[in-house]
Number of protein chains: 2
Amino acid sequence: MATIYEVAALAGVSPATVSRVFNGQNVSAEKAKRVREAARSLSFTPSRVARTLRMQSSEVIALVIPDIENPFFTSMARGVEDVAQAAGYSVVLCNSDEDHGKEARYLDIAISANMAGVILAAAGDNCDLSGLIERKRPVVAVDRSPHGFDIDAVTVENRAGGRAATTALQKQGFQRIACITGPRDVETATQRADGWRDAVRPTGPVEERYLKYADFRVDGGHKAMHELLEMAEPPDAVFVANNLMGVGALQVLSPRVGTAPAMGMAVFGDLPFAAMAPMAITVIPLPARHLGVTAAKLLLDRINGDDQPPRTIVLRNHAA
Amino acid sequence: MATIYEVAALAGVSPATVSRVFNGQNVSAEKAKRVREAARSLSFTPSRVARTLRMQSSEVIALVIPDIENPFFTSMARGVEDVAQAAGYSVVLCNSDEDHGKEARYLDIAISANMAGVILAAAGDNCDLSGLIERKRPVVAVDRSPHGFDIDAVTVENRAGGRAATTALQKQGFQRIACITGPRDVETATQRADGWRDAVRPTGPVEERYLKYADFRVDGGHKAMHELLEMAEPPDAVFVANNLMGVGALQVLSPRVGTAPAMGMAVFGDLPFAAMAPMAITVIPLPARHLGVTAAKLLLDRINGDDQPPRTIVLRNHAA
DNA sequence: GTTGACGGTGAAATCGATTTCTGACAGGGT
DNA sequence: ACCCTGTCAGAAATCGATTTCACCGTCAAC
């Protein structure tokens, strides 16, 4: 593993000069040429580790997401990547798997690897960003914004979207609308459920037994849907608060199409590779990619020294 | 950002002692306690960068995949992660986006960041691993194995799977079976097409016009399916060589169900969130997660000094 | 002809850990 | 009393870049 010293020795110059060649500083044409040749012949790759240690920062940003198997987050990741790459930054993806421990470990790595910044879709409301903040590493929250830290955030209109989805079901004539949402300690889950309550309240008492807290995953949606169907008086429609649980619910409902009374269904967030469901579904589209793009721009601004007070950007739930 | 020196000063010991405390070496109980307290009160996080520079390796492994939006690869990633985490390694995901340039950049980062190893699902057959190999960094190829480098690889039975899928269609009575496969420079694409040829040949001349090379993505499958349907004598069934193109083909075929003559369809790899297609589809299941698990184990072995000759492990296409 | 500015260069300090080397000291065996 | 072994701990070297500082020429200005 060739080092800058070996290159310097071969080219007959000092290490400082080699460094200058690679960082575009003034070096005489002739020495620059010798250095480049030496570097090539040794297949020299400058050590990012040494560079990062000296510079106290690297051109890598961490994107921490709770579920790498959810197309919503991967689509967001693509948005982040495109912006970051264009600005010369690399993105490393960290999958926290909805696990606070893993998440904390990745945040630790971001700190101790001197990463330039972090974009975080937190596993829960209570995550500890104090380490990053103390060290003045920029953090942008996306999709979900953690409690207790005043940082940049990019979110969507969760409550309004939940309301809109439920209202759409009402307009279709459904009377007993249930709601399957995510974990209680995740902001997007409670806000979307609040939207459901908003829409249901004017039509009568809010039936909390029609509200199921699940885990934002396929199996959770599956299980919750089953529970709803097994109730004494089952709902006639359901608002599902994210895409994967929507898939889970569909797995339950699809086989019943034609045999059981039709159920209404609305989903918050685009169904993955959809267009194949055997029933009409109301979808509140989610600008996943755009969330990523916006968060990445925000983060890059901070990295470049922008220090205005933290902003929260709320995107509309329009299709991109 | 507290350093080991500040901790040492506060605890009244030398930096060496602080290091020893955190690395489980012999230190008197009393000094160890002082060090821990000092570390806590300064919220000290040891710099991975400095550590990595000195140790010449880190506990991070890179997983480079060509398409983060393909559930096959994310499922594989989960397998890798689970094994790596259990062994104390962190995984960073790098999305090469089927782009050789980005891929090369990520491999460079793996080298210059002193990562412990790389698991690579290459964007194409011709990727340059010489940098990693020269520096003796372990690399494991997964799903696809690059040409010209003798390294560990974990693959599936592509040709046999392609043959099985096509044969299944024949057994269902289809006569003119087309094939939609991936790029010419991707091994899995050509091997699966070879399997198709194997099955078709005994029944008559291999109609190469029924073979479409696409890009392993939804849109590519969509476009290829369209082209097939517009032929003078369209096929009556299609074998699609990966999951996403299968989705694309389905997008074309689904609306025709009931109106046009039934088409047969077989797909190599599990359809994402499937079970919702309006037609029978033969699926050759792909042990995505298991691929990841196996690759990770192989890589960990290498990292731990195993230096037997490179192995290629071929997994069966059984459901996990 | 002196002064100043400026481009080019190398020596050496620096980033923050780990690790070798070395010495101090305690305890056990003869 | 002496030697040997072993534990504990600090000083200093090390990893490989970047960057400051100092110095040397050269050239233009006055």
Side-chain angles (χ1 to χ4, degrees), chain A residues 1-36 38-39 42-60 108-116 131 135-137, chain B residues 1-36 38-39 42-60 108-116 131 135-137:
Chain A
M1 187 141 64
T3 73
I4 204 172
Y5 295 94
E6 303 171 44
V7 174
L10 182 58
V13 300
S14 77
T17 300
V18 177
S19 171
R20 287 192 264 252
V21 169
F22 284 100
N23 292 289
Q25 299 189 39
N26 282 330
V27 173
S28 71
E30 187 245 340
K31 290 200 174 167
K33 181 157 159 285
R34 290 214 315 265
V35 167
R36 275 183 228 287
L42 294 173
S43 70
F44 165 70
T45 305
S47 160
R48 263 164 223 267
V49 178
R51 175 169 219 275
T52 299
L53 177 59
R54 176 60 223 236
M55 309 264 279
Q56 296 292 297
S57 97
S58 68
E59 291 86 26
V60 175
D108 246 31
I109 292 184
I111 292 175
S112 63
N114 282 342
M115 295 191 185
R135 294 169 178 78
K136 303 214 189 315
R137 298 267 165 221
Chain B
M1 186 142 62
T3 74
I4 205 173
Y5 295 94
E6 303 172 44
V7 175
L10 183 58
V13 300
S14 76
T17 300
V18 177
S19 172
R20 287 191 265 252
V21 169
F22 284 100
N23 293 288
Q25 297 189 37
N26 281 331
V27 173
S28 72
E30 188 245 341
K31 291 200 174 168
K33 182 158 159 284
R34 291 216 313 265
V35 166
R36 276 184 226 289
L42 295 173
S43 69
F44 165 69
T45 306
S47 160
R48 261 163 225 267
V49 177
R51 173 168 220 275
T52 301
L53 176 60
R54 175 62 221 240
M55 308 265 279
Q56 296 292 297
S57 95
S58 67
E59 292 87 25
V60 175
D108 246 32
I109 291 183
I111 293 174
S112 63
N114 283 341
M115 294 193 185
R135 293 171 178 77
K136 304 213 190 315
R137 298 264 165 226

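Note that these values count all heavy atoms, side chains included, but never hydrogens, waters or copies made by symmetry. Below, chain A is the first sequence line, B the second, and so on; all start at residue 1.
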Nearest-Å distance for atom pair [atom1]/[atom2], residues [X] and [N]:
| X | N | atom1 | atom2 | value |
| --- | --- | --- | --- | --- |
| B:Arg34 | D:dC8 | CZ | P | 15 Å |
| A:Ile4 | D:dT19 | CD1 | P | 11 Å |
| B:Asn114 | C:dT18 | CG | P | 15 Å |
| A:Arg48 | C:dC15 | CZ | C1' | 18 Å |
| B:Tyr5 | C:dA17 | OH | P | 8 Å |
| A:Gln56 | D:dT18 | CD | C1' | 11 Å |

Problem set entry | Given DNA chain D, 5'-ward residue of the pair B:Ala16 and A:Gln25, judged by closest heavy atom |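 It is B:Ala16 whose nearest nucleotide is closer to the 5' end.
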Exercise. Would you say the ring centroid of A:Tyr5 lies under 6.0 angstrom from that of A:Phe44?
Worked result: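 Between A:Phe44 and A:Tyr5, which both carry aromatic rings, the centre distance is not below 6.0 Å.
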Would you say [N] has OP1 or OP2 under 4.0 Å from some side-chain N or O of [X]?
| X | N | value |
| --- | --- | --- |
| A:Lys31 | C:dG7 | no |
| A:Asn26 | C:dG8 | yes |
| A:Ser28 | C:dT9 | yes |

Problem set entry | B:Thr52 side chain vs B:Ser58 backbone, donor-acceptor pair below 3.5 Å |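 No: the side chain of B:Thr52 does not pair with the backbone of B:Ser58.
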For this session: When you get a sec, tell me which of D:dT18, C:dA17, D:dA9 is the closest nucleotide to the side chain of B:Thr3?
Result: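 For B:Thr3, the side-chain atoms sit closest to C:dA17.
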Exercise. Can you tell me how far the CZ atom of A:Arg34 sits from the CG atom of A:Leu10, to the nearest 0.5 Å?
Worked result: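 Between A:Arg34 CZ and A:Leu10 CG, I get 9.5 Å after rounding to 0.5 Å.
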Problem set entry | B:Arg137 side chain reached by B:Ser57 side chain, heavy atoms, under 4.5 Å |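 SC-SC contact between B:Ser57 and B:Arg137 confirmed.
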For this session: Classify the side chain of B:Arg20 versus the base of D:dG10 as yes if they form a donor-acceptor pair under 3.5 Å and no if they do not.
Result: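 Check passes, donor-acceptor contact within cut-off.
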Exercise. Does the C:dT14 base have a donor-acceptor partner in the side chain of A:Arg54 within less than 3.5 Å?
Worked result: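 Result: at least one qualifying N/O pair found.
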Exercise. Can you name the nearest heavy-atom pair linking A:Ala11 to A:Ala38, along with the distance?
Worked result: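 For A:Ala11 versus A:Ala38, the nearest heavy atoms are CB-CB, 4.0 Å.
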Under 4.0 Å, heavy atoms only, any strand: does [X] hit a base, just the sugar-phosphate, or nothing?
| X | value |
| --- | --- |
| A:Phe22 | nothing |
| A:Val49 | nothing |
| B:Ser19 | base |

Problem set entry | Nearest-nucleotide 5' precedence on DNA chain C, A:Leu53 against A:Ser14 |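 Nearer the 5' end of the strand: A:Ser14.
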Exercise. Between A:Met55 and A:Val27, who's closer to the 5' end of DNA chain C by nearest nucleotide?
Worked result: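 Nearest-nucleotide comparison on DNA chain C picks A:Val27.
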